[in-house]
Amino acid sequence: MISTPAHAVTSRAWFDRPSTAVARDLLGARLVHAAADGLVGGRIVEVEAYAGPEDLAAHSARGRTARNAVMFGLPGYLYVYLIYGLHHCMNVVTGPGEKPEAVLIRALEIDVGLEVARGRRGPRPSDVRLASGPGNVGRALAVDRTLNGTDLSAGPIWIEPRGGTPPTISSGPRIGVDYAGPWAARPMRSWIVDDPHVSRS
DNA sequence: GTCGGGATCCTCT
DNA sequence: GAGGATCCCGACA
């Protein structure tokens, strides 16, 4: 078992901000999962912010349920859910306070554990597609519902903040939330400009 | 208990 | 570009 490194984000305050602010800082930061079959991590290149409960695209919009309970808890925890019965999507729960907001991790540039990630994804995808799209991020990092509710400051998954100059960021509407009325058009999806690992641009 | 939909991905045409 | 895979979750009776 590999313990959370000293330079990982362990401050609750870092997560205890609106999802849009955390989403900006997650771009260029690194996400790492030390799983039983190996450690895989990479640079976050694409995210979506969900500002529940008023955000009609967010799972928290229809109130607290057993499925989304983690979103209503403290910031800095992992919210993992299954979509279409197939794909595990990974979210970082944010604040402010216990406001049920979260950031969906949509794409990574894998830079540690490439061989492990390739083994999990099979022979087909090229390296730029290994963790491109939220379902693929889940598969490459071996994330499933058993990690729902994991504390990002103490668990086998952690965030390493970026150093140096911030990346150039672009933003646009979120994917697959057409049902959310005016919220569907809001530019709450953000990505690093010209990064080939981004799922759609 | 039953039914319908979903923050997706991949293959085939 | 279209459609299938596949199953949890929530709404409703």
Side-chain angles (χ1 to χ4, degrees), chain A residues 15 18-24 26-27 31 40 42 44-73 75 77-94 99-110 117-150 152 157 169-192 196-201:
Chain A
F15 298 103
S19 57
T20 47
V22 175
R24 251 193 321 273
L26 281 172
L27 288 171
L31 176 66
V40 174
I44 300 169
V45 300
E46 183 184 356
V47 295
E48 282 180 2
Y50 288 85
E54 68 271 19
D55 179 358
L56 297 180
H59 285 179
S60 53
R62 273 167 279 180
R64 182 183 183 132
T65 65
R67 179 205 203 189
N68 65 21
V70 175
M71 278 186 83
F72 287 79
Y77 284 75
L78 213 54
Y79 168 45
V80 181
Y81 65 90
L82 186 66
I83 186 69
Y84 298 118
L86 296 173
H87 307 291
H88 292 281
C89 296
M90 182 177 11
N91 299 255
V92 174
V93 176
T94 74
K99 195 162 180 286
E101 304 204 357
V103 178
L104 172 68
I105 309 297
R106 284 194 59 91
L108 297 181
E109 173 190 4
I110 304 284
R118 287 182 189 127
R120 289 171 181 162
R121 296 281 279 113
R124 290 197 181 276
S126 63
D127 283 354
V128 295
R129 305 289 305 168
L130 271 182
S132 174
N136 292 332
V137 170
R139 278 172 68 183
L141 265 65
V143 167
D144 60 26
R145 282 172 44 77
T146 63
L147 291 166
N148 188 40
T150 298
L152 284 164
I157 295 194
I169 291 169
S170 189
S171 57
R174 292 168 293 186
I175 307 293
V177 296
D178 299 342
Y179 57 85
W183 285 90
R186 296 209 180 188
M188 294 174 75
R189 169 174 166 257
S190 303
W191 64 90
I192 295 178
H197 305 85
V198 170
S199 65
R200 302 188 208 178
S201 51

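Within every chain, numbering begins at 1; the chains are lettered A, B, ... in the order of the sequence lines, protein sequences first and strands thereafter. Quick caveat: nothing in here was measured; it's all calculated off a predicted structure. Worth knowing before you read on, the calculation uses all heavy atoms, side chains too, and leaves out hydrogens, waters and symmetry mates.
Nucleic acid contact for A/Gly135: sugar-phosphate only, since backbone atoms but no base atoms lie under 4.0 Å from a heavy atom of the residue. Nucleic acid contact for A/Leu86: base, since at least one base atom lies under 4.0 Å from a heavy atom of the residue. Residue-level contact check: A/Arg174 touches neither bases nor backbone, having no heavy atom under 4.0 Å from any strand. Contact annotation for A/Arg129: no contact, since no heavy-atom pair falls under 4.0 Å across all strands. Within the nucleic acid shown, A/Asn136 comes within 4.0 Å of sugar-phosphate atoms alone, with no base atom in reach, counting heavy atoms only. Using a 4.0 Å heavy-atom distance criterion, A/Leu104 is classed as a base contact.
As a whole-Å value, the separation of A/His88 NE2 from B/dC9 P is 13 Å. Following rounding to the nearest Å, A/Ile83 (CD1) and C/dG10 (P) show an atom-to-atom distance of 12 Å. Going from atom CZ of A/Arg186 over to atom P of B/dA7 covers 18 Å, rounded to whole Å.
Relative to the side chain of A/Arg139, the nucleotides C/dA11, B/dA7, B/dC9 differ in distance, and B/dC9 lies closest. The side chain of A/Tyr179 lies closest to B/dA7 when the candidates are C/dC9, B/dA7, B/dC9. For A/Arg67, the side-chain atoms get nearest to C/dC9 when compared with the rest of B/dA7, B/dC9, C/dC9.
Residue side chain A/Tyr50 meets the stacking definition with respect to B/dA7: its ring centre sits within less than 5.5 angstrom of the base's six-membered ring centre, and the planes differ by less than 30 degrees.
The backbone N or O of A/Pro100 sits less than 3.5 Å from a side-chain atom of A/Ser60, completing a donor-acceptor pair. Checked by atom type and distance alone, the side chain of A/Asn68 pairs as donor or acceptor with a backbone atom of A/Gly63 at under 3.5 Å.
A donor-acceptor contact under 3.5 Å is formed by the side chain of A/Tyr81 with the base of B/dA7.
Summary of the strand contacts: A/Leu82 and A/His87 both lie near DNA chain C, and taking for each the nucleotide with the nearest heavy atom, the more 5' one is attributed to A/His87.
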- Step by step, work out the ring-ring contact (aromatic ring centres under 6.0 Å, His included) result for A/His88 and A/Tyr81. CA-CA 6 Å; A/His88 292 281; A/Tyr81 65 90; 8.9 Å; no
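Both tests do not hold together for A/Arg67 against A/Tyr79: distance to the six-membered ring centre under 6.0 Å, angle to the ring axis within 45°.
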